[in-house]
Amino acid sequence: MRSKMVLLLALVMGIISTVLFFQYIQQYGQAEDVMVRQEPMATVVTAREKITMNQLISVDVLEMTEVPEQGLHPSTVMTMADLEGQFATTDIEQGEVILTHRMKSEKEENRFVSRKVQEGNRAVSINVNYVQSVSTLIEPEDFVDVILTEEKKGEEEVSTYETSVVLEEVRVLSVGRKMIPPTSGTEEHIEYNAVTLELSPDDAREIINASYKGPLQLILHSSLIHEDNTK
């Protein structure tokens, strides 16, 4: 009889403990929700999609997002207007909060070509016209071959022309003053009359020498091949 009484009391205490535990959890969750709702929030600028280094920033790649105000970095950008026409100094992932020190102005971008040149190489510009530049469709970070057409005078001053490959698979650093590849199909196309190439010192001397022998023409490589090689 006594053992039955002890068992009954144990069951009752277990039920009471369970009820009290669930009441505590429910009250704790409600209190936590109140704390979250009461936490101050700030509206900041974030990346709507991935932004690559040197990309020109437009409102199309940005969005406004609410984040907790506590711990917000002092360099956080709060308005999209502050970023219009700026360039990214590094890759920015989708959803990442934009900071002012990760942007630079167009004036700073115009001096950036020296930082694009890999160690040991040089930047050399050559003159091109509409045809020599593949209808000005060559873009920064493309790869090209440089072709020389040289006039040869034979007997009786009869001219013949000889075409040869000066350099192959040369990286394009900039076209005109543009140093970043296009980011969308709607970007305005610009025309230019000079292309800057990245070359070794020896290749730089060779191409400068070739430019005095005759016109240079650029032959564009497929970007898909180079993208596959970098993967």
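Interatomic distance, S200 OG to D202 CG, rounded to the nearest 0.5 Å: 5.0 Å. Atom CG of L173 is separated from atom OG of S125 by 8.5 Å, given to the nearest 0.5 angstrom. Atom CE of M80 sits about 11.5 Å away from atom CD1 of I57, to the nearest 0.5 Å. Atom CG of L216 sits about 5.0 Å away from atom CD1 of I126, to the nearest 0.5 Å. In this structure, R205 CZ and L199 CG are separated by 11.5 Å, a value rounded to the nearest 0.5 Å. For the atom pair E198 CD and Q118 CD, the distance stands at 4.5 Å (nearest 0.5 Å).
At a threshold of 4.5 Å between side-chain heavy atoms, the hydrophobic network of Ile, Leu, Val, Met, Phe, Trp and Tyr places Y212 and L218 in one connected group. A continuous path of Ile, Leu, Val, Met, Phe, Trp and Tyr side chains, each step under 4.5 Å between heavy atoms, connects I208 with L167, placing both in one hydrophobic cluster. The cluster map of Ile, Leu, Val, Met, Phe, Trp and Tyr, joined by side-chain heavy atoms under 4.5 Å apart, puts V97 and M41 in different clusters.
Remark: the backbone N or O of L62 is paired with a side-chain donor or acceptor of R48 at under 3.5 angstrom. Side-chain atoms of T160 come within 3.5 Å of backbone atoms of K152 as a donor-acceptor pair (strictly under, hydrogens ignored). The closest donor-acceptor contact from the side chain of S174 to the backbone of R177 lies at 3.5 Å or more, if one exists at all. One N or O on the side chain of R102 and one on the backbone of D91 form a donor-acceptor pair closer than 3.5 Å.
Minimum interatomic distance between V195 and L197 (heavy atoms only, all atoms of both residues): CG1-CD2, 3.7 Å. Of all non-hydrogen atoms in V124 and I207, the two that sit nearest each other are CG1-CG2, 4.1 Å. For the pair G120 and P201, the tightest heavy-atom approach, listed with the atom from each and the gap, is O-CD, 3.3 Å. Between A47 and E93, the shortest heavy-atom contact is CB-O, 3.5 Å. Listed here is the closest heavy atom pair of V117 and A123: CG2-CB, 3.9 Å. Contact between M78 and T43 at its shortest, heavy atoms only, is CE-O, 3.5 Å.
Side-chain contact check for V44 versus L72: some heavy-atom pair is nearer than 4.5 Å. Considering only heavy atoms from C-beta on, S164 stays 4.5 Å or farther from E150 through its side chain. With contacts defined as side-chain heavy-atom distances shorter than 4.5 Å, the pair I92/M103 qualifies. Annotation: side chain of T76 is in contact with side chain of L99 (closest heavy-atom distance under 4.5 Å). In this structure, the side chains of V172 and T196 stay at 4.5 Å or more apart for every pair of heavy atoms. Looking at heavy atoms from C-beta onward, L148 lies in side-chain contact with K213 at the 4.5 angstrom threshold.
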Indicate every side-chain donor-acceptor pair of residues 132-144 with a distance under 3.5 Å to a residue at least two apart or in another chain.
from: Q132; atom 1: OE1; to: N129; atom 2: N; distance (Å): 2.9
from: S133; atom 1: OG; to: N129; atom 2: O; distance (Å): 2.8
from: S133; atom 1: OG; to: Y130; atom 2: O; distance (Å): 3.2
from: S133; atom 1: OG; to: T136; atom 2: N; distance (Å): 3.1
from: T136; atom 1: OG1; to: H189; atom 2: NE2; distance (Å): 3.0
from: E139; atom 1: OE1; to: K178; atom 2: NZ; distance (Å): 2.9
from: E141; atom 1: OE1; to: R171; atom 2: NE; distance (Å): 3.0
from: E141; atom 1: OE1; to: R171; atom 2: NH2; distance (Å): 3.2
from: E141; atom 1: OE2; to: K116; atom 2: NZ; distance (Å): 3.0
from: E141; atom 1: OE2; to: R171; atom 2: NH2; distance (Å): 3.0
from: D142; atom 1: OD2; to: E139; atom 2: N; distance (Å): 2.7

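D145 is linked by a side chain to side chain donor-acceptor pair (under 3.5 Å) to H221, counting only residues two or more places apart in sequence or in another chain.
Sorted by first then second residue, the ring-ring contact (aromatic ring centres under 6.0 Å, His included) pairs that include residues 47-76, not counting sequence neighbours, are H73-H101.
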